[in-house]
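In what follows, a structure is listed as structure tokens, so that the remarks can point back to it.
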Amino acid sequence: LFRSITSTDGVYTCTEQGSVSCTADADGNSNSAAYLAGTGYYYCSGTELTSTTSGTDERTYCMWAKILEYNEGGLWDAGSYSDCEEFSLRTTDTAMRVQNWGSSCDWDSSNSIDGSWAHYCLSFDGTTSYLYIDGSLDSSMETALDTTNTRLDIGTYYNGENIFNGDIDEFRIYSEC
């Protein structure tokens with residue numbers, strides 16, 4: 001499923017951590033998406049991660065997801081666990097949270113989507129982060145984002161401790177906002 005991820009800057013190698021199974025994607029194609037069930041995620045690495053998740057550079061991460069439970073689990077988690085050095089999208093108990101690590105950098109979406117596929121994109125233009133859900137701007141916030149490492153996990157938040165419970169598909173990384 002996520003053995004590799006193609007981005008505008010190259011291909012990342014992804015390794016399953018825990019238990020991941022196949023499910024139908026948003027179009028109903030059998031065995032085309034990943035079902036995480038809160039028990040597995042992907043750890044990704046690649047030399048190109050430095051150029052797409054580093055510093056104050058522009059970037060956009062997008063993914064199709066079907067949330068089955070709001071459980072603090074992450075759709076993706078990139079960067080460091082230091083103030084404004086993370087670029088992540090995760091669930092809370094009731095909503096989606098843009099998690100950049102630090103109260104001055106994080107915010108919650110006003111929308112919650114349960115049980116159906118939705119397309120999530122998080123963009124950063126060098127000064128402001130933008131959350132799009134199904135192609136519409138949900139919210140934005142000026143952010144002093146400065147990610148400093150190349151860690152990327154898909155389907156989890158905080159080093160595999162908070163695993164997303166739902167389906168994920170078509171993760172993409174773009175090196176522009």
Side-chain angles (χ1 to χ4, degrees), residues 2 5 7-10 12-15 17-18 36 38 40-63 65 67 69-113 118-133 136-166 168 171-177:
F2 282 85
I5 296 169
S7 80
T8 54
D9 292 330
Y12 313 135
T13 301
C14 300
T15 307
Q17 309 291 313
L36 301 182
Y41 67 97
Y42 293 92
Y43 168 78
C44 303
S45 61
T47 56
E48 294 83 8
L49 282 170
T50 301
S51 64
T52 56
T53 62
S54 183
T56 60
D57 294 340
E58 290 186 7
R59 69 200 76 167
T60 299
Y61 288 18
C62 296
M63 172 187 285
I67 300 168
E69 177 186 13
Y70 283 87
N71 65 344
E72 307 290 327
L75 274 67
W76 64 80
D77 188 14
S80 301
Y81 302 122
S82 296
D83 199 31
C84 298
E85 293 182 10
E86 183 180 23
F87 191 69
S88 300
L89 184 62
R90 69 179 183 95
T91 64
T92 65
D93 291 335
T94 59
M96 296 303 298
R97 174 170 289 165
V98 173
Q99 185 77 48
N100 295 320
W101 200 266
S103 61
S104 66
C105 306
D106 304 338
W107 80 90
D108 290 347
S109 165
S110 58
N111 293 313
S112 61
I113 300 171
H119 192 249
Y120 298 92
C121 287
L122 181 59
S123 294
F124 178 67
D125 68 4
T127 58
T128 303
S129 291
Y130 304 88
L131 175 61
Y132 294 88
I133 300 176
S136 296
L137 180 63
D138 174 84
S139 52
S140 64
M141 180 176 168
E142 284 192 29
T143 309
L145 186 66
D146 189 2
T147 55
T148 59
N149 82 13
T150 59
R151 180 190 53 74
L152 172 62
D153 296 329
I154 298 172
T156 187
Y157 168 70
Y158 201 70
N159 289 326
E161 289 184 26
N162 299 317
I163 299 174
F164 180 71
N165 188 359
I168 59 173
F171 181 78
R172 301 277 191 262
I173 297 175
Y174 306 93
S175 59
E176 55 195 22
C177 182

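Any value given below was found using the heavy atoms of this structure, including those in side chains, with hydrogens, waters and symmetry copies removed.
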Are side-chain heavy atoms of Leu145 and Arg59 found at a separation under 4.5 Å?
-> yes
How many angstroms lie between CG in Leu36 and CD1 in Ile168, if you round to the nearest 0.5 Å?
-> 4.5 Å
Heavy-atom side-chain proximity of Asp138 to Ser110 below 4.5 angstrom | yes
Inter- and intrachain pairs under salt bridge (charged side-chain N to carboxylate O under 4.0 Å, His left out), touching residues 88-108, at least two apart = Glu72-Arg90, Arg97-Asp108
Does the Thr143 side chain pair with the main chain of Met141, one donor and one acceptor, at a distance under 3.5 Å?
-> yes
Working to the nearest 0.5 Å, report the span between CG of Leu131 and OG of Ser136.
-> 11.0 Å
Please table the atom pairs, donor to acceptor, closer than 3.5 Å between any side-chain atom in residues 152-162 and protein atoms at least two apart or in another chain.
residue	atom	partner	partner atom	Å
Thr156	OG1	Gly160	N	3.4
Thr156	OG1	Asn162	O	3.3

Minimum heavy-atom separation for Met63 to Leu75, with atom names?
-> CE-O, 3.5 Å
With no hydrogens and no angle check, is any side-chain donor or acceptor of Ser139 less than 3.5 Å from a backbone partner on Ser109?
-> no
Shortest non-hydrogen contact between Cys84 and Ser104, atoms and distance = SG-OG, 4.1 Å
Candidates Tyr120, Phe171, Tyr43, Phe164 - the one meeting ring pair (Phe, Tyr, Trp, His ring centres under 6.0 Å) with Trp76 | Phe171
Do Thr91 and Tyr70 touch side chain to side chain, with heavy atoms closer than 4.5 Å?
-> yes
So which heavy atom on Phe124 is nearest to which on Ser129, and how close?
-> CD1-OG, 3.5 Å
Work out which heavy atom in Glu86 is nearest to a heavy atom in Asn100; give both atom names and the distance.
-> O-OD1, 2.7 Å
Side chain to side chain, Met96 and Ile67, heavy atoms closer than 4.5 Å | yes
For the student: nearest non-hydrogen atoms of Tyr130 and Asp125, plus distance = OH-OD2, 3.0 Å
Between Asp146 and Gly55, what is the shortest heavy-atom contact and its length?
-> OD1-CA, 3.0 Å
Any Cys105 side-chain heavy atom under 4.5 Å of Asp83 side chain = yes
Contacts of Cys121 that satisfy side chain to side chain contact (heavy atoms under 4.5 Å, CB included) - sequence neighbours left out | Thr60, Cys62, His119, Tyr132
